[in-house]
Amino acid sequence: LVRLRARLARSQNTLGKGLLTLLSREHLDEDTWEEIEDTLLTADVGVAPTQELVERLRERVKVLGTRTPEELRRLLREELLALIGTDTDRTVHTANGIGNGGDEIPGVVLVVGVNGTGKTTTTGKLARVLVADGKSVVLGAADTFRAAAADQLQTWGERVGARTVRGPEGGDPASIAFDAVKEGIAESADVVLIDTAGRLHTKTGLMDELGKVKRVVEKHGPVGEVLLVLDATTGQNGLVQARVFAEVVDITGVVLTKLDGTAKGGIIIAVQRELGVPVKLVGLGEGPDDLAPFEPEAFVDALID
Ligand code: GDP
C-alpha cells in the first residue's frame with residue numbers, strides 16, 4: 001500500500017502542488033483565481049465542482065488573513081475532501097446476505113465498462129484480493145465479444161486459484177453469467193465475479209445484453225455490486241461512457257483504472273458527481289497487486305504533500 005501511495009503521489013502531485021503554489025501568491029487577483037480554475041479543469045475535476053471549490057477557497061482565504069503554507073495546505077485538504085466525500089460507503093459488497101443454513105448464494109459482482117478500460121484485468125486483480133482474504137471465487141467470462149478476454153480471465157483465475165466458467169466464442173453472455181453463478185452455488189463459493197463485454201457503438205445492443213445478463217443472474221438471487229470500470233486517462237470521454245452505462249444498468253461503484261498513467265486525478269471528483277456513485281477501487285498499474293481501495297484521505301494527501 002505504501003508503494004502504491006508513492007506511485008499515486010508521483011503521478012498526481014502536479015495538481016496539488018500547482019494549486020498550493022497558486023494559493024501562496026502574495027496577491028490573489030482575478031487572474032490567479034482563473035489560473036486555479038484552469039488547473040482544476042485541466043485535471044478533469046469538471047466545471048461544477050471546480051466552481052464550487054474555487055468559491056469555497058475564495059471565501060476561506062478571505063477570512064484567513066495571513067496565509068501560512070500549513071494553513072493553505074490544511075484548507076485545501078479540507079475542501080478537496082469535502083468535495084470527494086469522506087463518509088461514503090466504499091465497500092465492495094461481495095456478500096449478498098442471503099442464506100439458509102449451508103445453502104448460501106454467493107455474492108455476485110458484475111464488472112462492466114468499455115473494452116480496453118481494464119475490465120478483465122480489474123476482475124482478475126479483484127479475484128486475487130478476495131482469494132487472499134480467504135474467500136473462494138468463481139469467475140464468469142461473459143465477455144464473449146473480445147476473443148482473448150476469456151483466455152485472459154482464465155489465466156488470472158489459474159494464477160489466483162479461482163475456477164473460470166466460460167462458453168463458446170461468441171456465445172451468449174447471459175447464459176455464461178447464469179452458469180457462472182450456478183457453478184458458484186454448486187461449489188458453495190463466496191463470490192462470483194462476472195466480466196462482461198463493453199461494446200458501445202450500439203447502445204441498444206449494450207442495453208439488451210447487460211440488462212439480460214443482470215436479469216438472468218438475478219434468477220439465482222440479487223446482484224451485490226455492479227462495478228463500472230473507467231479508464232482515468234480518457235478524461236471527459238470516460239464521463240460520456242459512464243453516463244451511457246448508468247442509463248443501462250444501476251451502477252453501484254466505480255473502479256478508476258490507469259490512475260498511474262495520468263496526472264488528471266480530478267476525474268474522481270467529476271465521475272462521482274456525474275453518477276452519484278462512489279469510486280470504490282483504483283487501478284495503479286498492470287500488475288496483480290496494483291488494485292487498491294480508494295481512500296480519500298490518502299488520495300488527497302498524495303495530491304498536496
Ligand atoms: P478490458 O478490455 O476492459 O477487459 O481491458 P483489459 O483488462 O484487457 O486491459 C486493457 C489494458 O490496460 C491491458 O494492457 C492492461 O494491462 C491495462 N491496465 C488495466 N488496468 C490498468 C491500470 O490500472 N494501470 C495501467 N497502467 N494499465 C492497466
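Computed over heavy atoms, backbone and side chain alike; hydrogens, waters and symmetry mates excluded. Ligands are counted one by one from 1 in listed order, and the atoms in each one are counted from 1 as well.
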Among Glu286, Lys125, Lys258, closest by any non-hydrogen atom to atom 16 (O) of ligand 1: Glu286
N/O separation below 3.5 Å, Thr257 to ligand 1: no
Numbered atoms and elements of ligand 1 in range of Val114, under 4.0 angstrom, heavy atoms: 3 (O)
For atom 6 (P) of ligand 1, the protein heavy atom that lies nearest, with its residue and separation: Thr121 OG1, 3.4 Å
Greater than 12 external heavy atoms within 6.0 Å of Asp89's CG: yes
Check: His93 main-chain N/O paired with Glu225 side-chain donor or acceptor under 3.5 Å: yes
Side-chain (Lys280) to main-chain (Thr91) donor-acceptor, under 3.5 angstrom: yes
Atom indices of ligand 1 within 4.0 angstrom of Gly283 heavy atoms, with elements: 23 (O)
Inter- and intrachain pairs under side chain to side chain donor-acceptor pair (under 3.5 Å), touching residues 57-66, at least two apart: Glu30-Arg58, Arg60-Glu78, Arg60-Glu79
Polar atom proximity, Thr120 to ligand 1 (N or O, under 3.5 Å): yes
Residue-ligand contact Gly116/ligand 1, heavy atom below 4.0 Å: yes
Geometric N/O contact Leu259 with ligand 1, under 3.5 angstrom: no
Identity and separation of the nearest protein heavy atom to atom 26 (N) of ligand 1: Asp260 OD2, 2.8 Å
Numbered atoms of ligand 1 (with element) below 4.0 Å of Gly118, judged on heavy atoms: 1 (P), 3 (O), 5 (O), 6 (P), 7 (O), 9 (O), 19 (C)
Single hit among Leu130, Val191, Leu227, Val129 for side chain to side chain contact (heavy atoms under 4.5 Å, CB included) with Val92: Leu227
Atoms of ligand 1 close to Leu284 [distance to a heavy atom under 4.0 angstrom, numbered from 1]: 23 (O)
Protein residue, atom and distance nearest to atom 8 (O) of ligand 1, heavy-atom basis: Gln152 NE2, 3.0 Å
Thr164: which of Asp151, Leu153, Asp195, Val138 passes side chain to side chain contact (heavy atoms under 4.5 Å, CB included): Leu153
Glu55, CD: over 12 other non-hydrogen atoms inside 6.0 angstrom: no
Side chain to side chain donor-acceptor pair (under 3.5 Å) involving Arg77 - partner list, sequence neighbours excluded: Asp301
Sub-4.0 Å heavy-atom approach of Asn115 to ligand 1: yes
Glu247 with Arg243: basic N within carboxylate O range, under 4.0 Å: no
Closest protein heavy atom to atom 22 (C) of ligand 1, given as residue, atom name and distance to 0.1 Å: Gly285 O, 3.1 Å
Heavy-atom donor-acceptor pair, Arg90 side chain to Pro293 backbone, under 3.5 Å: no
Closest protein heavy atom to atom 3 (O) of ligand 1, given as residue, atom name and distance to 0.1 Å: Lys119 N, 2.7 Å
